[in-house]
Amino acid sequence: MKNKKIFNDTLLYTLISIFLGLIVGAIVLTASGFNPIEGYSEMLNGIFGKPKYMAWTIIKATPLILTGLSVAFAFRTGLFNIGAEGQFIVGALAATLVGYFLHLPAIIHIPLTLISGCIAGALWGGISGFLKSKFGVNEVISTIMLNWIAFYLSNYFIMLEGFRKPNSEASYDIQRTATIDITWLKSLVGPATKVNWGIVIALILIIIISYVLYKTTLGFELRAVGFNKYAAEYAGINVNKSMVISMAIAGLLAGAAGAMHVMGVSHKITILAAQEGYGFDGIAVSLIGNNTPLGALLAGLLFGALKYGGGKMQNIGAPTEVINIVIGSIIYFIATVRLVKIMIDKMRGGKADA
Amino acid sequence: TKPAEEGAGGEEGKNAIKVGMVTDVGGINDQSFNQSAWEGLKRAKDELGIEIGYQESKQDADYPPNIENLVDQENDLVWGIGFKMGDAVKEAAENYPDQKFAIIDYSYGDKTPKNIVGVTFKEQEASYLVGLIAGKMTKSNKIGFIGGMEVPVIKRFEYGFRAGVKEANPNAEVLIQYANSFTDSAKGKAIAKQMYSQGADIIFHAAGDTGTGMIEAAKEEGKYAIGVDRDQNSLAPDNVITSAMKRVDNAIYDVTKKLTEGKFEGGTTITYGLAEGGVDIAPTSDKHVPEDVLNLVKEYKNKIIGGEIKVPATEEEFNAMK
Amino acid sequence: MLKNLAMILSTTLMYSTPLIFTSLGGVFSENAGVVNIGLEGMMTIGAFAGAATAVLTGNPWLAFLAAGIAGGIFALFHAIATVKFNADHVVSGIAINFLAPGFALFLCRRMFDGSTMTPAIDLGQKIPRPFDGFFAKGSFLDIVFNTYSTVYLAFVLVFVTWYVLYKTKLGLRIRAVGEHPRAADTLGINVYKIKYLCVILSGILAGFGGASMSLAIVSTFRPTLISGQGYIALAALIFGKWKPQGAMLASLLFGASTGLVVFLGNPNIGFTVSENLLSMVPYIITIIVLILFVGKANGPAANGQPYEKGER
Amino acid sequence: MSDVKGNIDFSQKVVQMKNITKKFGNFVANDNINLTVHKGEVHALLGENGAGKSTLMNILYGLYQPTSGEIHINEKKVKIDNPNVAIENGIGMVHQHFMLVPPFTVAENIILGMEPVSGLGKIDIEKAIKDVKKLSEQYGLHVDPTAKVEDITVGMQQRVEILKALYRGAEILILDEPTAVLTPQEIKELINIIRNLTKQGKSIIIITHKLKEIKEAADFCTIIRRGKYIDTVDVEKTTEDDLAAMMVGREVNFKVDKKEQELGDVVLKVENLVAKDNRGLNVLNNLSLEVKRGEILGIAGIDGNGQSELVEVLTGLRKCESGSVFINGNNITNKTPKEIFEFGLSNIPEDRQKRGLVLDFTVAENMVLENYSKKEFSKGFRLLEENIKSFARDLIAKFDVRPADETLKARALSGGNQQKIIIAREVTNDPDLLIATQPTRGLDVGAIEFVHKSLVEQRNKGKGVLLVSLELDEVISVSDRIAVIYEGKIVGTVDSKDADENTLGLMMAGGVENEK
Ligand SMILES: Nc1ncnc2c1ncn2[C@@H]1O[C@H](COP(=O)(O)OP(=O)(O)OP(=O)(O)O)[C@@H](O)[C@H]1O
Ligand SMILES: Nc1ncnc2c1ncn2[C@@H]1O[C@H](COP(=O)(O)OP(=O)(O)OP(=O)(O)O)[C@@H](O)[C@H]1O
Ligand SMILES: [Mg+2]
Ligand SMILES: [Mg+2]
């Protein structure tokens, strides 16, 4: 009952933050000579206008939901995972390797590809957890470094003969048997829309993670360590082990995001020229979602919508940086919920707390 | 000019032909081929009276939805700018068989779908010419080449350049280093400084923004640099002696023009070389390059156009040269 | 050989400078208890403001100052969010990382004919090189020391920061606020004011860091100019245990390993390694150094925590 | 009435708090409270945990604003809206939770906010050290100005706190539970210091739960119950029992009832334990001791003589260099906390918020912090939430945890109730050996009574209990035997029936080596 109220409040404040962010965006749009109403209706239409737009929004949101979940999971256990970016990359790399080189029936190939991405991500995250537990290396640094190592590692593999598609800057496509496209849906939403099972898998992962976190002994341990590692240690919980497990699970989730992106959307990996930002956006998603699994889902969808729908503002000629300003403003207002609350209380004419 | 006027808004002009392009992650003002492509479209707008628009991409994953977005807006022709969009354009062409597409820097060979025109460039021909200039103008007989990443396009630049240097000055040595980045200017600058300190007096880059670091080094050291893609002389008027230009704008304009004339050559790949006006050296070259060298360049240009010389584009072809 | 060493050193200095400025910024804000993940964005806006001002005025130092101001303005937003409205420091920082580059590009297009790149600044209008022509051209000293004033300024600021933080009453108060804001509060120190000051300073320094890229290392602003340096500076700050001298050493280590990579990529070196493997070297070296020599470090005790008067 | 009595000058009212009310939301922490303090007076504030004492003093010091009411200093109405105003008015405060910056030196902590500078904002550290030295000599508060606060004892830290106030020229000194963390010797010293200060004309408001101290040090005492003003009494004319009754609103039993003990087998045996502290110095030097079933062994000693480290070694948080520990004859030396727990050791930790509880967990979750993986509470990986909750509800009822809601976060409970959660959990483990470290620190007399009863109950059930406490009173009244620890060794063991404070105090100070 009480929880429900908090939930509603949070939702209300988030909606208001979004609204305020849009207002800032409107000011910027107006300042650059665009009609904000036109711009935003392009955006809304770009998100909800057609089934295929909604599908794209979901497709765009899927990796963000998972990297957000990854960051959130680590946060729940007291660790700051800036490394979802790198974990995503190695997950995508491993999935592409397994998806391309192995020839198997789909029923085995799909789970195997997904799992290999998960394992690679888990390993990558686990390294940071291990470095922290064994040598006290701050995970913020190690994950930033591992992001770049993953980046170059992926490029290294793509450059290898036999993996790289000749005369291209990409790997070969993975085998059909490793893809998770939903072919029948394409006839509904449009042939070019990359509808895939990713969102379903993401939902399943969210449920599993919520379950693990709140309903299992492992989750109990990890959360205890996250909230108070001294008390956890006292209660006999192995804090070092928890850190490794927690980072590994966080890595697994980001790795899964990478794998599913390959299996459902790109079907290959290309040479990276810059970090693509899946992991960094994941940090924002996690925090906007209050570091909870359900929050990551909602915030991931919001982010996906802003990024995909926002891109549609280009239709009226608005440059992409304006869209980033809108996104940034929304995050900023979500961060300053307090400001929003004060404003609402003022409007309600009620008393603000001491 | 305000982009708003150019945006593919789409209500009016039911008869005007509409052409849109999807940029790669560099964005519309990348001072490189995306921008060049957009300039080509703008020229087409001015001269052919068509409607134009673009969609910028932020991640590789944006290509399919952006292409689709332009298809949705009922463009007559949708351009993908850059090899990275190769697969995305092909898929879109399969999904929308009635829609025309074109792509820069990508060839599907004989498997080109009927509704795509592939456009590639003979980068090696332009870099061969700047190689000639470098070979002739070097005093130390040491010349540098900085590549962005070891990918086919950049390799074409490298081998064409080396072939040109070799042709003009067999004694000159070419120092080659790849920065492994198209964005790290500081690294480009460090590599260039290292090359200059090793005695190189001219460096050519095919490294995007990494190369601006190289031009900076040339400026500081008072040495020569050769730009790429566009005429980069404005970045260092005293130092950039020439640039190996890739006229994406010309190619875009050309293909678009054919479209308006009803001569869209779907199912083929058009290669733009010197002969087609697709590559060239920068018009500002005469500022620094002596007349006789320019004349030599002209001579070779004709030979290449005439087919007398085939410029190597790969390691094998380069090694095969005597 | 000596020349190679000189080249490595000069690359080290060049690479480290933006990181030093920016991580010093982090030193200020995090020692006052505000985590600043928005350094990346503040660097970007600084790089733009610097380049744009230089183009418009032709005065590099004015431009440098403008860069600091621009970084400071966005830092002010970060401070308002984190100090006044108790926002989560990381969320606010991330917001800055969207907003600042967004505004940089937005303004760039407005000011320079829709281009996202500023025109190049003449050599004479860049930050000066005080030892230009001082040493024999191409000599060891020339290669290493004939570099931009920003490099020297960075080191001076390391000293200044150290002095302020550990020798002055302001520094004592800053550190008290970062360690135990309530204690500072009970002694009548204005915790909020100190936090505002430090966060704004961090933006100014990050802005300087950005300008040291756009006004010295190169001479233009471009969207890709700052790509990840802010995060590396954050890592350097933590690596350096939140101390100015530590952040400087960490930045130097990072610069030096990049210098090494450039050196090893030299075609005359006699062996070839895959560029991609080579590119990993700085990051791997960092991790190894952390394992071997640095170990565990804790930041200021109240870093990242909201502070509210009258709360328990 | 004469205007001067002892040090008190009744003609000068230095502090008058009139009708002070403070609300936190709807909660009334202070309800119309009046307080008057005269020059040279020591005025005690007495009340249960959460009665609102600290709140009232925080208002006086400008940390909180009263919802209504007035403050007069030296009979002038003032509005104290931040500590600076309080400092200007000559008010200094030593907070219940020390307000010291641990990595700073003593001198830095004292001068913070009022730093002597020499040009360009540079701190004149020489002068600071000299000033601190002078001040510490003037008031007999001995400290080492260059030592880091995190390295000095709690008693020393307290002196730093007092010096901080005096450095700011405080005439009125508020001491919020200054003795809660002090050893008996230190308490004695503090009372001397207080006398010294009043002699020099300072006025003092002291909050304490220890009635004995009030009797010893205070002139007047104001009693607060649940935020309401009860009375102000002349301490000389009031007995401890009366004070306690006024405070809790009922009679309090101070005696710990113990039946005759039935000693059983040895449950804990510690042999020649050697261990290092965090700085790598030996802090346990060949320590040996034994606890039998059916007895409470109290460890008495001055803080910093190895008590914490001893408990850490026993519970597996610290590795020892040599020596051995047996529980029921099983060697548990250097095993993990979990393994040791399995051998039947339970522990009430010293720092309940840091070690004892996960404050962001619910009460129910905290109740099973060690047992969540037992089969009653989990099946495979799955937690059996209903079982956990009903278990927690049982314990809440049994141990009278208030409020009785197992879904609340532990953070929402008062200190005393937080301690009850821990005790409920540890006692319910039914351990063979229960270790309790400072189990009553900061608790009010009602809560203390409860804790002591719980410990004795364990002993009566034939368990071994090891009580580590800095409160000599507590050790003497609760334990059966008392072992005195000094510099990492047990320097003597006495039967509690024969124990008296003076001899124990001497042994604790290293004065007497052998048993009497
Ligand atoms: N300056 C910083 N910027 C970003 N994140 C930080 C910073 N400092 C700490 N963090 C991260 O915030 C979290 C909390 O940090 P804190 O130091 O309190 O815990 P910790 O590092 O787990 O402790 P310990 O060092 O004792 O193991 C950790 O995930 C930490 O890595
Ligand atoms: N900032 C606050 N917000 C909400 N409630 C508060 C706040 N400060 C104190 N309280 C509540 O006011 C009441 C009185 O608290 P206070 O700290 O004054 O008690 P106390 O008498 O000092 O107790 P103790 O003996 O445990 O120190 C408690 O119920 C406490 O929970
Ligand atoms: Mg810590
Ligand atoms: Mg209190």
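Chain A is the first sequence line, chain B the second, and so forth, proteins listed ahead of strands; every chain is numbered from 1. Keep in mind that the numbers below use all heavy atoms, side chains included, and drop hydrogens, waters and symmetry copies. Treat the numbers as computed from the prediction; the structure is a model and nothing was measured.
- Contact annotation for A/Ile330: neither backbone nor side-chain heavy atoms come within less than 4.5 Å of a heavy atom of chain C.
- In this structure, chain C has no heavy atom under 4.5 Å from any part of A/Asn147.
- The shortest non-hydrogen separation linking C/Ala87 to A/Ala335 is CB-O, 3.0 Å.
- With a threshold of 4.5 angstrom between heavy atoms, A/Ala274 does not approach chain C through any atom at all.
- In this structure, the separation between CG on C/Leu105 and CD1 on A/Ile325 is 8.5 Å, given to the nearest 0.5 Å.
- Between C/Ile232 and A/Trp148, the closest side-chain pair of non-hydrogen atoms falls below 4.5 Å.
- Closest approach of C/Ala235 to A/Met145, counting heavy atoms only: CB-CE, 3.8 Å.
- Annotation: side chain of A/Ile149 is in contact with side chain of C/Ile284 (closest heavy-atom distance under 4.5 Å).
- Here the shortest heavy-atom pairing between A/Gly328 and C/Ala95 reads O-CB, 3.5 Å.
- By the 6.0 Å contact criterion, CZ on C/Phe263 is enclosed, its count of non-hydrogen atoms from other residues, nucleotides or ligands being greater than 12.
- Neither the backbone nor the side chain of A/Phe151 comes within contact range of chain C, judged by heavy atoms closer than 4.5 Å.
- To the nearest 0.5 angstrom, A/Asn138 atom CG is 11.5 Å from C/Phe239 atom CZ.
- A heavy-atom distance below 4.5 Å is found between the side chains of A/Val28 and C/Phe103.
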Worked check of side chain to side chain contact (heavy atoms under 4.5 Å, CB included) between A/Ile82 and C/Ile37: CA-CA 11 Å; A/Ile82 300 199; C/Ile37 212 170; 3.9 Å; yes
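- Here A/Leu29 contributes atom CG and C/Phe106 contributes atom CZ; the two are 8.5 Å apart, rounded to the nearest 0.5 Å.
- Using a 4.5 Å cut-off on side-chain heavy atoms (C-beta onward), C/Leu290 and A/Leu131 make no contact.
- Using a 4.5 Å heavy-atom cutoff, the side chains of A/Val140 and C/Tyr231 are not in contact.
- For a residue to count as touching a neighbouring chain, one of its non-hydrogen atoms must lie under 4.5 Å from one of that chain's; by this rule C/Thr286 touches chain A with the side chain only.
- Between C/Asn97 and A/Phe280 the shortest side-chain heavy-atom distance does not fall below 4.5 Å.
- Proximity of a side-chain donor or acceptor of C/Arg109 to a complementary backbone N or O of A/Glu321 within less than 3.5 Å is not detected.
- When each of A/Thr143, A/Asn155, A/Ile323 is checked for heavy-atom pairs under 4.5 Å with chain C, A/Asn155 comes out on top.
- Only the backbone of C/Ser227 comes within less than 4.5 Å of a heavy atom of chain A; no side-chain atom from C-beta onward does.
- Residue with the most contacts toward chain C among A/Ile331, A/Ile144, A/Ile141: A/Ile141 (heavy-atom pairs, distance under 4.5 Å).
- Note that CD1 of A/Ile288 is 11.0 Å distant from CG of C/Asp88, once rounded to the nearest 0.5 Å.
- Taking the side chain as every heavy atom from C-beta outward, C/Ile80 and A/Thr336 never approach each other to under 4.5 Å.
- Interatomic distance, OH of A/Tyr152 versus OG of C/Ser279, reported as 4.5 Å (0.5 Å rounding).
- Looking at A/Tyr332, its side chain never comes within 3.5 Å of a backbone N or O of C/Leu99 through a donor-acceptor pair.
- Rounded to the nearest 0.5 Å, atoms CZ (A/Phe130) and CD1 (C/Ile291) are 8.0 Å apart.
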